[in-house]
Amino acid sequence: MADEFDLPKGELMKGKKGLIMGLADSHSIAFGIAQQMAAQGAELAITYMESNERRAKPLAESVGGLPIACDVSDDASMDAAFAQVEKSLGTLDFMVHAIAMANREQLMGSFVENTTRDGFHFALDISVYSFVDATRRAAKLMPNGGSIMTLTYLGAERPMPNYNMMGVAKAALESAVRSAARDLGPEKIRVNAISAGAIRTLSLAGISGGRQMHAKSAALSALRENTAVESVAGCALWLASDLGRSATGEIVHVDAGIHMMGPPEELL
Ligand SMILES: NC(=O)c1ccc[n+]([C@@H]2O[C@H](COP(=O)([O-])OP(=O)(O)OC[C@H]3O[C@@H](n4cnc5c(N)ncnc54)[C@H](O)[C@@H]3O)[C@@H](O)[C@H]2O)c1
């Protein structure tokens with residue numbers, strides 16, 4: 001199990017306004033990040049899919065956030081959500097995109113056999129285009145610069161069992177981060193991604209064998225532990241605050257060191 005810990009409370013984000021997209025339930029990485037941002041004084045708007053409203057809305061409110069329903073596949077829904085952000089917060093200092101989705105058949109077995117045209121388009125639309133779209137909209141609300149970040153996974157760099165289509169989507173997402181960082185740098189808007197280790201969320205449960213992958217990941221990591229959502233939130237805090245002011249176009253691994261490990265000893 002991950003060693004859970006509390007990041008210290010403080011005023012690192014006092015006076016900063018942020019939008020966090022992708023809250024589903026209390027296990028969501030978006031919620032872990034929202035809790036830490038709020039504990040450091042940030043003022044938040046938090047989006048969720050309408051189908052998750054019963055759980056997500058009270059969670060957003062529990063950290064003092066403005067809850068906003070938003071479906072990233074629907075332009076009208078994005079228009080309405082960002083209009084509400086602008087009306088309520090005026091400007092933004094940071095935006096966190098924590099959204100991904102692929103059809104279940106795209107996340108099992110043979111990547112070559114199981115990847116379909118529709119499945120390919122769907123995964124790229126929800127997991128990558130939504131980031132570009134949200135970035136464009138958020139940047140317009142950042143007249144004084146800001147910080148934008150998304151969540152990625154090691155499957156972008158290495159073929160992982162069953163991660164299949166989502167690995168392709170995450171590779172595209174990481175490339176999009178660099179292109180956006182280049183575009184928005186002159187406006188003092190930084191764009192980064194956190195490559196998180198496996199965390200038990202609804203998204204992980206959607207990957208065939210996801211729970212087994214999570215169970216084994218501590219043993220495969222350098223630190224011999226799972227990734228705590230609090231440490232992903234700690235990285236988000238660094239990226240969103242002035243502490244991270246020279247970091248852009250970066251993919252920061254927060255995964256207990258699993259990304260740089262060679263094969264386990266018993267295979268050598
Ligand atoms: N859990 C992990 O092990 C892990 C590891 C690395 C990266 N990530 C990434 O972290 C991000 C957050 O995932 P999570 O693990 O917190 O799981 P999660 O299921 O809690 O969050 C995913 C969110 O995406 C939202 N979403 C899906 N389709 C949407 C749509 N059309 N419109 C709006 N929102 C939509 C879901 O409603 C949900 O809130 C994802 O990008 C995921 O790939 C997760």
Side-chain angles (χ1 to χ4, degrees), residues 2 19-35 46-57 59-60 67-78 80-82 96-104 106-107 121-131 133-134 149-158 160 162-174 176-177 193-207 209-218 221 226-229 231-233 235-236 251-256 258-259:
L19 171 64
I20 299 181
M21 303 184 75
L23 175 61
D25 64 16
S26 62
H27 303 287
S28 292
I29 294 175
F31 187 56
I33 293 175
Q35 284 179 301
I46 302 173
T47 73
Y48 55 85
M49 282 194 88
E50 208 151 12
S51 52
N52 293 321
E53 182 159 287
R54 194 177 52 79
R55 269 175 304 201
K57 198 173 174 197
L59 286 170
I68 301 177
C70 178
D71 180 345
V72 297
S73 69
D74 177 357
D75 289 336
S77 177
M78 286 289 273
F82 275 83
V96 178
H97 171 274
I99 290 174
M101 182 61 83
N103 296 327
R104 215 178 156 81
Q106 310 292 299
L107 300 174
H121 288 165
F122 179 71
L124 267 287
D125 183 24
I126 305 299
S127 314
V128 189
Y129 178 72
S130 70
F131 167 72
D133 191 15
M149 70 193 81
T150 186
L151 272 300
T152 185
Y153 179 62
L154 186 58
E157 302 164 56
R158 298 187 204 159
M160 310 289 270
N162 301 316
Y163 201 65
N164 298 5
M165 187 54 226
M166 193 49 75
V168 175
K170 292 300 192 192
L173 181 68
E174 293 182 10
V177 162
I194 303 173
S195 184
I199 295 174
R200 285 185 70 159
T201 63
L202 284 175
S203 284
L204 186 80
I207 301 161
R211 292 209 185 282
Q212 292 91 306
M213 185 172 93
H214 178 266
K216 288 178 190 157
S217 64
S221 76
N226 284 319
T227 300
V229 72
S231 44
V232 175
C235 182
I251 312 295
V252 187
H253 293 89
V254 181
D255 62 358
I258 207 165
H259 69 281

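Atoms within each ligand, like the ligands themselves, are counted from 1 in listed order. Positions are given from 1 along the sequence.
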for atom 3 (O) of ligand 1, nearest protein heavy atom and its distance come out as I199 N, 2.7 Å

Check this for me - ligand 1, V72, N or O atoms closer than 3.5 angstrom, yes or no? yes

Atoms of ligand 1 close to G197 [distance to a heavy atom under 4.0 angstrom, numbered from 1]: 3 (O), 5 (C)

Would you say the side chain of I207 lies within less than 4.5 Å of the side chain of Y163, judging by non-hydrogen atoms? yes

Shortest non-hydrogen pair, R104 vs A205, comes out as NH1-O, 3.4 Å

Side-chain contact, heavy-atom cut-off 4.5 Å: V177 with M149? no

Minimum side-chain heavy-atom gap R211-R200 below 4.5 Å: yes

Should we say atom CZ of R158 is surrounded by more than 12 heavy atoms from elsewhere, each under 6.0 Å from it? yes

Against heavy atoms of T152, which atoms of ligand 1 measure under 4.0 Å? 6 (C), 7 (C)

Per-atom contacts, ligand 1 versus G22 - under 4.0 Å to a heavy atom: 21 (O), 23 (C), 38 (C), 39 (O)

Give the contacting part of C70 toward ligand 1: side chain, backbone, both or neither, where contact means a heavy-atom distance below 4.0 Å. backbone

Within ligand 1, which atoms have a heavy atom of K170 less than 4.0 Å away? 40 (C), 41 (O), 42 (C), 43 (O)

Expected output: side-chain S195 to main-chain V252 donor-acceptor under 3.5 Å: no

Heavy atoms, side chains only, cut-off 4.5 Å: are L204 and M213 in contact? yes

What are the atoms of ligand 1, with element, lying closer than 4.0 Å to any heavy atom of L202? 19 (O)

Hey, does S28 have a side-chain heavy atom less than 4.5 Å from the side chain of L202? no

What is the closest protein heavy atom to atom 26 (N) of ligand 1, and at what distance does it sit? I99 CG2, 3.7 Å

Under 4.5 Å between any side-chain heavy atoms of K170 and T152, yes or no? yes

Closer than 4.0 Å to some heavy atom of I126 - which atoms of ligand 1 meet that? 28 (N), 29 (C), 31 (N)

Which protein non-hydrogen atom lies closest to atom 12 (C) of ligand 1, naming both residue and atom, and how far is it? A98 O, 3.3 Å

When only distance counts, is Y153 in polar contact with ligand 1, meaning an N/O pair under 3.5 Å? no

Look only at the side chain of K57 and the backbone of E50, and say whether a donor-acceptor pair between them is shorter than 3.5 Å. no

Protein heavy atom at shortest distance from atom 31 (N) of ligand 1: D71 OD1, 2.9 Å

Using a plain distance cutoff, I'd like to know if N52 has any nitrogen or oxygen under 3.5 Å from a nitrogen or oxygen of ligand 1. yes

Can you figure out which of M21, M101, M49 has its heavy atom closest to atom 29 (C) of ligand 1? M49

Identity and distance of the protein heavy atom lying nearest atom 40 (C) of ligand 1: A100 CB, 3.7 Å

Could you tell me whether some N/O pair between A198 and ligand 1 is separated by less than 3.5 angstrom? no

Mind checking whether H253 and H259 have parallel, tilted or perpendicular rings, split at 30° and 60°? parallel

Enumerate the atoms of ligand 1 whose separation from the nearest heavy atom of L151 is less than 4.0 angstrom. 9 (C), 10 (O), 11 (C), 41 (O)

Who's the nearest protein heavy-atom neighbour of atom 20 (O) of ligand 1, and how far? S28 OG, 2.6 Å

Spacing of CD1 belonging to I68 relative to CG belonging to L19, to within rounding of 0.5 Å: 6.5 Å

Out of all atoms in ligand 1, which are within 4.0 Å of some heavy atom of L204? Include the element for each. 3 (O)

Any heavy-atom pair between the side chains of S221 and D255 that's under 4.5 Å? no

Got the closest protein heavy atom to atom 19 (O) of ligand 1, with its distance? S203 OG, 2.9 Å

Kindly indicate whether the side chain of D133, heavy atoms from C-beta on, has any atom under 4.5 Å from the side chain of M78. yes

So which heavy atom in the protein is nearest atom 4 (C) of ligand 1, and how far is it from that ligand atom? I29 CD1, 4.0 Å

Nitrogen or oxygen of T201 less than 3.5 angstrom from that of ligand 1: yes

